[in-house]
Participant: 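Structure provided below as structure tokens; questions to follow.
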Amino acid sequence: MTKNILVADDAPNVVLSVEFLMKQAGYDVRTANNGEEALLAIQEKKPDLVLLDVMMPVRDGYDVCQAIKADPDMKDIRIIMLTAKGRPVEKEKGIALGADEYITKPFSTKELVEKVRIVLGDT
Amino acid sequence: MKLQTDTKNTSQLASFFAELREGFIVCDTNARILFCNPAGINLLKIEDADDVSGCSLCNYLTETALVDNINLLKNDNSHDVDFVCTSTDKTTLLDCHIKIIEGDHASKSVLIITLDKITHEAGHAGTDDSLLHKRVNDMRAPLANLRAAAENLASIPDMSPVMRIAFENVIAQESANLTENLEALASRCQNIAARYQPFSDINSKDLIYVLRHKLTKEKGPEIYFNNASHWFNIDAFSVVTILEKIFHHLRASLKKAEFKISMQDKLNFVYLDIIWDGAPISTAGVESMLLINMPWDNELTIGSVLESHGCDIWSQQHDIPSQAMLRIPLPASSKQRERKEPGL
């Protein structure tokens, strides 16, 4: 069965690129424009993985990550944080709050696809 | 004639030291005081000024900070060292500079110590650094989009015309964004180049002494710390102020009157963990804490002060399952490993 990925980012250009990349890599893709929308999309249909921007309006990525990991029905969803926050402590914060991977922008498209495959166990 | 000149010079020197705003102290290498000017007497809160000669400076400044730094001077090739410490009554943060003047023989070497009280004048590190960091991060997203669009166009030659046009538009838009961000960054860098950085080394004990004093004075929560020695390189005044505000906020939001502080070294940071019984705070709760203003500048917040230190904070479960913590990574002193514990 095709795995499902949710891309949550408020920047349309990021969504365009990442959605395209993930579809090229063979995944089903949905998108959300902020943290609140992302949580609603997750409740509607549980994805296998969320590509989560940190700095989003309404609810930020850390908040969404914590909400996912605090919910027993959702905590097995894999999370990759995709962010412009590039300091080591910020990465550590993302991992401490439950992210499986933390990718700093700018990233290589090849690296992103590889990380997604690794996190989903598709390698 | 020579006697008259010597007397005049001595009198001029005495008058100079008496008027000096900074504390000026001369000690031997075992930290025994040989001379202390009136400002020094005042800053160190020495009650019996006449009997100060021959006393150990450790009686008036926190011993760990003093001993570690004097040992650093004795064992290292450097001739001076800067750090922040507290007076022994733990109420005042003091900016301390020690210079070693080497004599013909080790026993003739002396330490020249200058002291100055730290006030909020020094605690304005946040704004510029915070904005600089934001400007740098503002470049990451357009750069990511530019790169992804270019890589997509290059790697998929048979892309549909609609998608090709979409990615070409992304390249045009993001190039314009990057140019704009670069101009803003260049302008910010010019401002920062001339700015004073009030970062100094301070020992964990001094940091907690002053914090505890302030919290007690304001009827804040009780804090427990095991007195482990760690060296930070921080803007001490600002960090004490944000910790004070964080504790008041935690007490109000968690309804707790007691917290434990634990510290651990991690790469270039010392993790300062504030621990309590119960669950972690939500990310939204932590974010709201970051927006609390500094008392001396409405543009400065806890978040901007932390950002100027290259830090972020978060709340997570403690290793003990019934406990949670707020983790605050603060920059460690680069001299941490060189500092030695043995006494003088």
Side-chain angles (χ1 to χ4, degrees), chain A residues 7 9-25 35-36 51-56 58-70 81-99 102-113, chain B residues 133-156 159-160 162-164 166-167 169-174 177-178 266-269 271 279-287 306-307 309-317 325 327-331:
Chain A
V7 180
D9 201 309
D10 61 322
N13 287 342
V14 177
V15 175
L16 176 76
S17 293
V18 176
E19 184 182 13
F20 177 79
L21 268 175
M22 294 303 122
K23 281 182 176 167
Q24 285 289 121
E36 195 69 54
L51 283 166
L52 191 59
D53 181 32
V54 170
M55 289 177 288
M56 286 189 293
V58 192
R59 290 181 79 165
D60 72 17
Y62 292 132
D63 200 9
V64 174
C65 183
Q66 206 175 32
I68 292 171
K69 293 299 171 182
M81 286 193 152
L82 210 55
T83 172
K85 285 178 170 260
R87 289 172 168 161
V89 282
E90 289 159 344
K91 179 174 181 177
E92 191 148 348
K93 178 176 177 175
I95 301 295
L97 294 177
Y102 191 99
I103 299 177
T104 306
K105 294 173 184 173
F107 49 84
S108 111
T109 49
K110 199 176 156 204
E111 180 204 13
L112 176 63
V113 174
Chain B
H133 183 57
K134 184 181 179 309
R135 294 279 180 221
V136 171
N137 280 348
D138 283 350
M139 297 182 76
R140 291 181 183 275
L143 206 52
N145 297 336
L146 195 60
R147 183 172 175 178
E151 286 180 2
N152 285 338
L153 284 170
S155 63
I156 304 163
M159 186 185 285
S160 72
V162 175
M163 286 311 289
R164 181 165 291 277
F167 283 124
N169 284 339
V170 169
I171 289 175
Q173 277 170 21
E174 300 298 14
N177 286 341
L178 269 178
K266 177 103 184 229
L267 296 172
N268 299 324
F269 288 92
Y271 281 180
I281 310 169
S282 71
T283 307
V286 174
E287 294 298 318
L306 285 169
E307 198 140 278
H309 288 78
C311 302
D312 203 346
I313 59 175
W314 63 90
S315 179
Q316 65 180 88
Q317 199 76 47
M325 65 185 180
R327 174 156 280 179
I328 309 173
L330 291 167

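In what follows, chains are A, B, ... by sequence order, proteins preceding strands, each numbered from 1. Atoms considered below: every heavy atom in the structure, side chains included; atoms not considered: hydrogens, waters and symmetry mates.
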Participant: If you measure from CZ on B:Arg140 to OG1 on A:Thr83, what distance do you get to the nearest 0.5 Å?
Facilitator: 8.5 Å
Participant: Please classify the contact of B:Met139 with chain A as side chain, backbone, both or neither, using a heavy-atom distance under 4.5 Å.
Facilitator: neither
Participant: Identify which part of A:Ser108 has an atom lying under 4.5 Å from any heavy atom of chain B, answering side chain, backbone, both or neither.
Facilitator: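 Contact with chain B is through both the backbone and side chain of A:Ser108.
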Participant: Which bit of A:Leu82 comes within less than 4.5 Å of chain B, counting heavy atoms only: side chain, backbone, both or neither?
Facilitator: neither
Participant: Rounded to the nearest 0.5 Å, what separates atom CD in B:Glu151 from atom OG in A:Ser17?
Facilitator: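 If I round to the nearest 0.5 Å, the distance is 9.5 Å.
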Participant: Calculate, to the nearest 0.5 Å, the distance between atoms CZ and CD belonging to A:Arg59 and B:Glu287 respectively.
Facilitator: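 These two atoms lie 12.0 Å from each other.
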Participant: Drop me the distance from A:Asp9's CG to B:Asn145's CG, to the nearest 0.5 angstrom.
Facilitator: 8.0 Å
Participant: Could you tell me which portion of B:Glu174 (side chain, backbone, both or neither) has an atom closer than 4.5 angstrom to a non-hydrogen atom of chain A?
Facilitator: side chain
Participant: Against chain A, label B:Ser155 side chain, backbone, both or neither, depending on which of its atoms sit under 4.5 Å from a heavy atom there.
Facilitator: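 It is neither, since no heavy atom gets under 4.5 Å.
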Participant: Out of B:Ile313, B:Asp312, B:Leu306, which residue meets the side chain to side chain contact (heavy atoms under 4.5 Å, CB included) rule with A:Val89?
Facilitator: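 Of the listed options, the one satisfying the test is B:Asp312.
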Participant: Using heavy-atom distances under 4.5 Å, tell me whether A:Leu21 contacts chain B through its side chain, its backbone, both, or neither.
Facilitator: side chain
Participant: Working to the nearest 0.5 angstrom, can you tell me the gap between A:Glu92 CD and B:Phe269 CZ?
Facilitator: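 Going from CD on A:Glu92 over to CZ on B:Phe269, the span is 9.0 Å.
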Participant: Which pair of non-hydrogen atoms, one from B:Ser315 and one from A:Gln66, has the smallest distance, and what is that distance?
Facilitator: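 Heavy atoms only, the tightest pair is O-NE2, 4.1 Å.
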